[in-house]
Asker: 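Structure incoming, see below.
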Amino acid sequence: MSKQCANAEEALAGVLTDGMTIAVGGFGLCGVPYDLIEAVRDSGVTALTIVSNNMGVDGKGLGLLLENRQVVKVIASYVGENKLFAQQYLDKALDVEFSPQGTLAERMRAGGAGIPAFYTRTGVGTPVAEGKPHAEFDGHLHVQERAIVADLALVHAHTADQAGNLTYRASARNFNPLVATCGRMTVAEAEQLSEEFTDPESVVTPGIYVRHVVAARDRGKEIEQRTVRLRMTVEA
């Protein structure tokens, strides 16, 4: 049975509800499921908890949900590229749970693997560890971190086949494979939809994790901060 849907709206029909937790792939503006995010925005659902490395930038990616006041809590490792995100946090309009980047990745991986919690040295002695259980292992203090299991996971892939097997391209892989496993339901958008089944040796996210896939709309690659340098010339 094919898991491909006509568009993002069809893939998310009947899925979105107020107050749900959504894990979203991407790193900055790379590997972000833009079409699926826009479908969430257009649905009008509110009181969302978003789990993602960051919240995009103003007016792009997850920043659209902030502009629409659909988010009440964010679990992330970085806020620096989105002024609205930072302002809503400072205004106490948004609850933010900071998680070190590696810890955030492992919390999602653990959620997908059925591991409820784990211990790490990262964050010990900082506000990140306040109120959390601690234990000593091999002479070092560790803090307990809980796994993340989201109601819905949204990911961006390079290629998806009929069975929902996903592959990613270069740095756009980032958090997407981890996000794909930690959702109770996962929807993926892909730049290419293949009629042929992917070679098992090339599959990164097995289709067993994926409920629906849609073709991502063709759009230019976004760049957060474009920097250039003067080209050096050599005299003959």
Side-chain angles (χ1 to χ4, degrees), residues 1-17 20-40 43 50-54 56 61-62 75 101-102 104-116 118 147-222:
M1 183 179 69
S2 175
K3 296 183 178 182
Q4 295 180 8
C5 295
N7 51 52
E9 290 74 21
E10 178 182 310
L12 295 176
V15 174
L16 300 169
T17 60
M20 71 188 314
T21 297
I22 304 178
V24 184
F27 187 95
L29 295 179
C30 180
V32 175
Y34 291 103
D35 291 359
L36 294 171
I37 291 171
E38 290 172 5
V40 173
S43 74
I50 300 296
V51 182
S52 186
N53 176 66
N54 58 80
L62 288 169
I75 302 175
Q101 195 166 94
L104 180 63
E106 180 61 13
R107 290 177 68 187
M108 289 190 283
R109 191 203 68 82
I115 300 170
F118 60 91
I148 292 173
V149 178
D151 300 307
L152 174 66
L154 306 178
V155 301
H156 178 93
H158 181 258
T159 305
D161 65 18
Q162 296 287 323
N165 296 307
L166 306 179
T167 59
Y168 308 89
R169 183 177 180 274
S171 59
R173 178 168 173 165
N174 54 62
F175 277 80
N176 280 294
L178 302 171
V179 169
T181 65
C182 79
R184 294 186 175 92
M185 174 179 177
T186 297
V187 178
E189 64 176 56
E191 296 176 31
Q192 298 179 10
L193 298 183
S194 174
E195 296 297 326
E196 301 294 329
F197 290 113
T198 306
D199 181 345
E201 295 295 328
S202 300
V203 172
V204 178
T205 296
I208 189 68
Y209 288 105
V210 181
R211 179 74 62 87
H212 297 305
V213 295
V214 299
R217 287 186 296 156
D218 187 21
R219 60 176 84 205
K221 302 296 184 182
E222 301 283 358

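These numbers come from a predicted model, not from an experiment.
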Asker: Check whether T186 reaches the backbone of A180 with its side chain - one donor and one acceptor, N or O, closer than 3.5 Å.
Answerer: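 Present.
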
Asker: Walk me through it: do Q101 and F175 pass the test side chain to side chain contact (heavy atoms under 4.5 Å, CB included)?
Answerer: CA-CA 10 Å; Q101 195 166 94; F175 277 80; 3.7 Å; yes

Asker: Can you name the nearest heavy-atom pair linking L12 to A39, along with the distance?
Answerer: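 Taking every non-hydrogen atom into account, CD1-CB, 3.9 Å.
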
Asker: Minimum heavy-atom separation for V24 and S52, please, with both atom names.
Answerer: O-OG, 3.1 Å

Asker: What are the two closest heavy atoms between C30 and S171, and how far apart are they?
Answerer: SG-OG, 3.6 Å

Asker: Which atoms form the tightest heavy-atom contact between L16 and M20, and what is the distance?
Answerer: CA-SD, 3.7 Å

Asker: Among side-chain atoms of D161 and T198, is any donor-acceptor pair under 3.5 angstrom?
Answerer: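 Indeed, the side chains of D161 and T198 share at least one donor-acceptor pair under 3.5 Å.
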
Asker: Which pair of non-hydrogen atoms, one from V214 and one from A8, has the smallest distance, and what is that distance?
Answerer: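 Distance-wise, the nearest heavy atoms are CG1-N, 4.0 Å.
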
Asker: Using every non-hydrogen atom in the two residues, find where P33 and G25 come nearest and quote the distance to one decimal.
Answerer: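 Looks like CD-O, 3.4 Å.
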
Asker: Does E38 come within less than 4.0 Å of R219, counting only side-chain N to carboxylate O?
Answerer: yes

Asker: Output the distance between atom CZ (R169) and atom CG (N176), rounded to the nearest 0.5 Å.
Answerer: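 Rounded to the nearest 0.5 Å, the CZ-CG separation comes out at 14.0 Å.
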
Asker: Show which side-chain atoms of residues 151-159 pair as donor or acceptor with protein atoms under 3.5 Å away, not counting sequence neighbours.
Answerer:
{"residue": "D151", "atom": "OD1", "partner": "R184", "partner atom": "NH1", "Å": "3.1"}
{"residue": "D151", "atom": "OD2", "partner": "T21", "partner atom": "N", "Å": "2.7"}
{"residue": "H156", "atom": "ND1", "partner": "E189", "partner atom": "OE2", "Å": "3.0"}
{"residue": "H156", "atom": "NE2", "partner": "E191", "partner atom": "OE2", "Å": "2.9"}

Asker: Just how far is it from atom CD of Q162 to atom OG of S194, taken to the nearest 0.5 Å?
Answerer: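 Going from the CD atom of Q162 to the OG atom of S194 covers 8.0 Å.
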
Asker: Rounded to the nearest 0.5 Å, what's the gap from CD on Q192 to OG1 on T167? Could you check?
Answerer: 8.0 Å

Asker: Only one of L104, V149, I22 clears side-chain contact (heavy atoms from CB on, under 4.5 Å) with V51; which?
Answerer: L104

Asker: Is the backbone N or O of N165 less than 3.5 Å from a side-chain atom of K3, with the two atoms forming a donor-acceptor pair by type?
Answerer: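 Absent.
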
Asker: Under 3.5 Å, is there a donor-acceptor pair between the side chain of T205 and the main chain of L166?
Answerer: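 Not a single qualifying donor-acceptor pair exists.
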
Asker: Ignoring hydrogens and geometry, is there a side-chain-to-backbone donor-acceptor pair from N53 to F27 under 3.5 Å?
Answerer: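 Pair absent, no side-chain N/O of N53 close to backbone of F27.
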
Asker: If I take atom CD1 from residue I148 and atom CE from residue M108, how far apart are they, to the nearest 0.5 angstrom?
Answerer: 6.0 Å

